[in-house]
Asks: 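Handing you a structure now.
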Amino acid sequence: MTRNLPGLTLDELTRELSSRQRALEWLKWLGAQPALPAALPDAVPGVSHRVWGPFRTRHGWTAPRVLERSASDDGTTKYALDLDGAQVETVRIPAKGRSTICISSQAGCTRKCVFCATKELGFIRQLKAEEMVAQYLLARAEAPPDAPARNVVFMGMGEPMDNLDEVLRAVEVLTQGPFPQLKHQSVTVSTSGVLPGMVRFLSESKASLALSLNATTDEVRARVMPQNKTWPIAALLGALRDAAKTSPHRDTFVEYVLFRDVNDSDADADRLVALLSGLPARVNLIPYNPFPGTGLTTPTPERVLAFHQRVVRQGQLCLVRWPRGRDIAAACGQLVLAQDAAGFVPPST
Ligand code: SAH
């Protein structure tokens, strides 16, 4: 089966177009487009018709259809996309001088984290690498000129480690020159802690990793992330420790969603620091973005700040990720397509 563009790596393009130069011309052409093309072009400057014609016939093009664009007061934009009948969400988050594109790796999700709205969808299908890259290309084209899309996070719908071949391919395509040429450290793959996939990712990719820890005891973690029974905290952090020895320059993040009276105590803050001691990881604290029916609530901002301070005072690098796009249900864990989730409507709609 021939793969759609933009899912081919530079080496594959080189082989298929019988020349590195032609492959580079195509990528340059793609990078110069002001919007995501709707189809493969009839011609590409620098690539002869004789070669391009058959290549174009062999390969299709993946262009997501935008079902809906929602813009938040804070500049965050959420795209509801149709990919050949599968619906996913992509989020563009502008910051000073750069934008981050948050992409989905699955339609729905293979995991069942109780605090995440995407689990309401169940698992629909795996996304292909070209469908992940196309999400980036589409959202990138709409980034403000003073905040170009230099970062990608695999933090949309889905568990990347459960679709790892396609995720690794997407990372390769996103980081290859001359376009998109993102830095490996600017591409972050986030996992709920699927240990075998995580170990493989750490050995095969130079991209950054985020582990969603979300608790400091196995008992609490298993309550909110049922898979913790298979891959408990010590095993996950052990894998990060091992990887830090072999690739010390990788950026590693530990995501910690704060739930009121569940994992936000002073004792949790102290345990978090102890668990991460000696590990070159930065902690991102994410106040829980609520949705109905979980029984979980969000700590007060004062509690979030107190937790943060307690962690930082013990020498652990740690930032609070205040929600972006909460008003359009684009914040972490709020991605779900209302029309697909039986009876479930995100709070802002
Ligand atoms: N499956 C991957 C990536 C998708 S979730 C993972 O688990 O990492 C991306 C991030 O959003 C994770 O850190 C997750 O813990 C967090 N998240 C999920 N639901 C959330 C919610 N309701 N509020 C805040 N953060 C949430």
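Counting starts at 1 for both ligands and their atoms, following the listed order.
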Asks: My understanding is that we take every heavy atom of each candidate and find the minimum distance to atom 23 (N) of ligand 1. Doing that for V153, V194, N289, T110, which one comes out nearest?
Replies: N289
Asks: Answer with side chain, backbone, both or neither: which part of V257 has a heavy atom less than 4.0 angstrom from an atom of ligand 1?
Replies: side chain
Asks: Within the 4.0 Å heavy-atom shell around Y288, which atoms of ligand 1 are there?
Replies: 21 (C), 22 (N), 23 (N)
Asks: For N214, which part has a heavy atom under 4.0 Å from ligand 1: side chain, backbone, both, or neither?
Replies: side chain
Asks: Below 4.0 Å from ligand 1: does a non-hydrogen atom of G156 turn up there or not?
Replies: yes
Asks: Would you mind running through ligand 1 and noting each atom that sits below 4.0 Å from a heavy atom of I286?
Replies: 24 (C), 25 (N)
Asks: For atom 22 (N) of ligand 1, what is the nearest protein heavy atom, given as residue, atom name and distance?
Replies: F115 O, 2.8 Å
Asks: In a table with atom names and distances, give each donor-acceptor pair under 3.5 Å that connects a side chain of residues 238-245 to protein atoms at least two apart or in another chain.
Replies:
from	atom 1	to	atom 2	distance (Å)
R241	NH2	L275	O	3.0
R241	NH2	S277	O	2.7

Asks: Compile the donor-acceptor pairs under 3.5 Å between side chains in residues 144-152 and protein atoms, sequence neighbours left out, one pair per line.
Replies:
none

Asks: Here's a test for you: under side chain to side chain donor-acceptor pair (under 3.5 Å), which of R69, R92, E89, E68 qualifies with Y79?
Replies: R92
Asks: Is the distance between the ring centroids of Y288 and F115 under 6.0 Å?
Replies: no
Asks: Are any of the N or O atoms of G158 closer than 3.5 Å to those of ligand 1?
Replies: yes
Asks: Does CZ in R98 sit with more than 12 non-hydrogen atoms of other residues, nucleotides or ligands closer than 6.0 Å?
Replies: no
Asks: For ligand 1 and P287, I'd like to know whether there is a polar contact (N/O to N/O, distance under 3.5 Å).
Replies: no
Asks: Q185 and K206: side chain to side chain contact (heavy atoms under 4.5 Å, CB included), yes or no, with the steps?
Replies: CA-CA 7 Å; Q185 71 199 55; K206 287 192 288 198; over 6 Å; no
Asks: Give the residue and atom name of whichever protein heavy atom lies nearest to atom 21 (C) of ligand 1, and the separation in Å to one decimal.
Replies: C332 O, 3.2 Å
Asks: Provide the number and element of each atom of ligand 1 under 4.0 Å from a heavy atom of F154.
Replies: 3 (C)
Asks: Tell me the contacting part of E255 for ligand 1: side chain, backbone, both, or neither, using a 4.0 Å heavy-atom threshold, strictly below.
Replies: side chain
Asks: Over 60° means perpendicular and under 30° means parallel, so tell me whether W61 and W26 are parallel, tilted or perpendicular.
Replies: perpendicular
Asks: Give yes or no for whether the N/O distance cutoff of 3.5 Å, strictly under, is met between S212 and ligand 1.
Replies: yes
Asks: I'd like to know if R125 and D84 make a salt bridge, using a cut-off of under 4.0 Å between side-chain N and carboxylate O.
Replies: no
Asks: Are V66 and I103 linked, directly or through other ILVMFWY residues, by side chains that come within less than 4.5 angstrom of each other?
Replies: yes
Asks: Could you check atom 2 (C) of ligand 1 against the protein and tell me its nearest heavy-atom contact, residue, atom and distance included?
Replies: S190 O, 3.3 Å
Asks: How many angstroms lie between atom CD of Q314 and atom CG of D270, to the nearest 0.5 angstrom?
Replies: 4.5 Å
Asks: Is M198 reachable from F253 through a run of I, L, V, M, F, W or Y residues, each pair having side-chain heavy atoms under 4.5 Å apart?
Replies: no
Asks: With atoms numbered from 1 as shown, which atoms in ligand 1 lie under 4.0 angstrom from a non-hydrogen atom of E159?
Replies: 1 (N), 2 (C)
Asks: Can you pull out the closest protein heavy atom to atom 5 (S) of ligand 1? Residue, atom name and distance to 0.1 Å, please.
Replies: M155 O, 4.2 Å
Asks: For atom 19 (N) of ligand 1, find the nearest protein heavy atom and state the residue, atom name and distance (0.1 Å precision).
Replies: G333 CA, 3.0 Å
